[in-house]
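All values below come from the heavy atoms of this structure, side chains included, with hydrogens, waters and symmetry mates left out.
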Amino acid sequence: MSTKTKSAATPDTRTRIVRAASSLMQRQGYDGTGIKQIAQEAQATLGSVYHFFPGGKQELAVAAIHHGDQEFFDVLRAALDHEDDPAQAITALCRTLADGLCASDWIDGCPITTTSLGTAGRAPDIQAAAAEAFARWRGLVHDKLRASGMSERDAHDLAHTVISTMEGAELAAQVSRSKEPLNIAGKHLARLIALHR
C-alpha cells in the first residue's frame, strides 16, 4: 500500500485509465477502441496501461465494465432511495436517463451493453462481468419492489422487466435521438409496477 496521499481532485493513473476505457468503449464499443487511444485519453503511457492491465484490452474492458456497473448502480440506488413509491422512482429515473442521454448528444448510452455486445462469444470474462452488472441492478430493483410489499415472484420478474425495458428504451432513444422511448418506458413500467402491488 502506498504511503502517498492523493488529491481527491486528481485520480491516480489506474483510475484515469479505467475511466477513459469505460467512456471510450461506451461510445465506440470494444472493437472500436484501441489501447493507444485509451492511453492518450487517460494521459498515461502505454507502459502504464500494460503495467496495470497485463492481460491487455480484455482485462481493461472487464475493469471498465465494473466501473460502469458501479456508476449506474449508484445512480439507480439514489433514484430508488429518493422515492418511497418504486413506480415513481422508475419513472423519474427514466426521465433522468433521457436527460443525460440528450445532454451527451445521444452518445453516452449504457457502458455495459456497448462494451459487451461486441465481444459476444469470444470474451467470456467480459460477458461474465456484464451479466454480474445486470444482476446487481436487478437486485436493487427487486429489493425496492419487495420493500413496497410485492411478492417475491412478482418482484423477481418485474426487476428483470424493468432493467431489460430500460436497456432497450435507452438504445431506442439513442438511435432515434429522442427522449420519447425512455419517457414512455418509465410511464408504462410505473403502471406495471402499480398493477402488481
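At least one side-chain heavy atom of V75 sits under 4.5 Å from a side-chain heavy atom of L93. Put simply, the side chain of I90 reaches to within 4.5 Å of the side chain of V162, judged on heavy atoms. A 4.5 Å side-chain heavy-atom check between T114 and M25 finds every atom pair outside the cut-off. When side chains are defined from C-beta on, L189 does not count as touching T91, because their heavy atoms never get closer than 4.5 Å. You'll find the side chain of I35 reaches within 4.5 Å of the side chain of Y50, heavy atoms only. Side-chain contact between Q58 and F53 is absent, with no heavy atoms from C-beta onward closer than 4.5 Å. You'll find the side chain of H142 stays beyond 4.5 Å of the side chain of M150, heavy atoms only. Looking at heavy atoms from C-beta onward, F52 lies out of side-chain contact with T15 at the 4.5 angstrom threshold.
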So R122 and D31, salt bridge (Lys or Arg N to Asp or Glu O under 4.0 Å) or not? Walk me through it.
CA-CA 12 Å; R122 59 189 170 99; D31 289 329; 2.5 Å; yes
For T45 and S48, what are the C-alpha separation, side-chain angles and deciding distance, and is it a side chain to side chain donor-acceptor pair (under 3.5 Å)?
CA-CA 5 Å; T45 64; S48 293; 2.9 Å; yes
Using side chain to side chain donor-acceptor pair (under 3.5 Å), reason through T33 and Q28 one step at a time and then give a plain yes or no.
CA-CA 6 Å; T33 303; Q28 302 169 176; 3.2 Å; yes
Determine, step by step, whether T96 and D99 satisfy the side chain to side chain donor-acceptor pair (under 3.5 Å) criterion, reporting the C-alpha distance in whole Å, the side-chain angles of both residues, the deciding distance to 0.1 Å, and the verdict.
CA-CA 5 Å; T96 298; D99 290 344; 5.7 Å; no
Check the pair H51, R14 against side chain to side chain contact (heavy atoms under 4.5 Å, CB included), reporting the backbone distance first and the verdict last.
CA-CA 9 Å; H51 168 74; R14 186 185 187 282; over 6 Å; no
Begin with the C-alpha distance, continue with both residues' side-chain angles, and end with the deciding distance and a verdict on side chain to side chain donor-acceptor pair (under 3.5 Å) for E71 and H67.
CA-CA 6 Å; E71 278 194 332; H67 174 77; 3.3 Å; yes
For M166 and L97, what are the C-alpha separation, side-chain angles and deciding distance, and is it a side chain to side chain contact (heavy atoms under 4.5 Å, CB included)?
CA-CA 9 Å; M166 286 195 306; L97 292 175; 4.2 Å; yes
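A donor-acceptor pair under 3.5 Å links the side-chain atoms of H196 to the main chain of L192, judged by distance alone. Here the side chain of T165 pairs a donor or acceptor atom with the backbone of T161 at under 3.5 angstrom. Proximity of a side-chain donor or acceptor of K144 to a complementary backbone N or O of D85 within less than 3.5 Å is not detected. E83 contributes no side-chain N or O that, together with a main-chain N or O of Q88, makes up a donor-acceptor pair within less than 3.5 Å. Side-chain atoms of S148 come within 3.5 Å of backbone N or O of L145 as a donor-acceptor pair. Between the Q26 side chain and the C110 main chain, no donor and acceptor come within less than 3.5 Å of each other. Looking only at distances, no side-chain donor or acceptor of R16 sits under 3.5 Å from a matching main-chain atom of A44.
Residue Q70 qualifies as enclosed at atom CD: its count of foreign heavy atoms under 6.0 Å is above 12. Within 6.0 Å of the CD atom in Q37, the count of heavy atoms belonging to other residues, nucleotides or ligands exceeds 12.
Taking a cutoff of 4.0 Å between a charged side-chain nitrogen and a carboxylate oxygen, D105 and R27 do not qualify as a salt bridge. Salt-bridge formation is detected for the pair R77/D74: a Lys NZ or Arg NE/NH1/NH2 atom is positioned less than 4.0 Å from an Asp or Glu carboxylate oxygen.
In this structure, I126 CD1 and K57 NZ are separated by 8.5 Å, a value rounded to the nearest 0.5 Å. Going from atom OG of S176 over to atom CH2 of W106 covers 7.0 Å, rounded to the nearest 0.5 Å. The OG1 atom of T113 sits 7.0 Å away from atom CD of E170, with the distance rounded to the nearest 0.5 Å. Here the CD atom belonging to Q174 is positioned 5.0 Å from the CG atom belonging to L101, to the nearest 0.5 angstrom. If you take CD1 on I38 and CD1 on I17, they are separated by 9.0 Å, rounding to the nearest 0.5 Å. Atom-to-atom distance recorded for L76:CG and R138:CZ is 12.0 Å, nearest 0.5 angstrom.
When all heavy atoms of S116 and Q127 are compared, the closest pair comes out as O-NE2, 2.8 Å. Taking every heavy atom of both residues into account, I163 and V141 meet most closely at CD1-CG2, 4.0 Å. Nearest approach of V49 to A39, heavy atoms of both residues: CG2-CB, 3.9 Å. Nearest heavy atoms, A21 versus L60: CB-CG, 3.7 Å. Minimum heavy-atom separation, T115 to A61: CG2-CB, 4.2 Å. Scanning both residues, A185 and C94, for their nearest heavy atoms gives C-SG, 4.5 Å.
A continuous path of hydrophobic side-chain contacts links F134 to L182 [ILVMFWY only; heavy atoms under 4.5 Å].
Here the two rings, on F73 and W137, have centers that are 6.0 Å apart or farther.
For the residue pair S23/E41, the side-chain donor-acceptor check at 3.5 Å is not satisfied.
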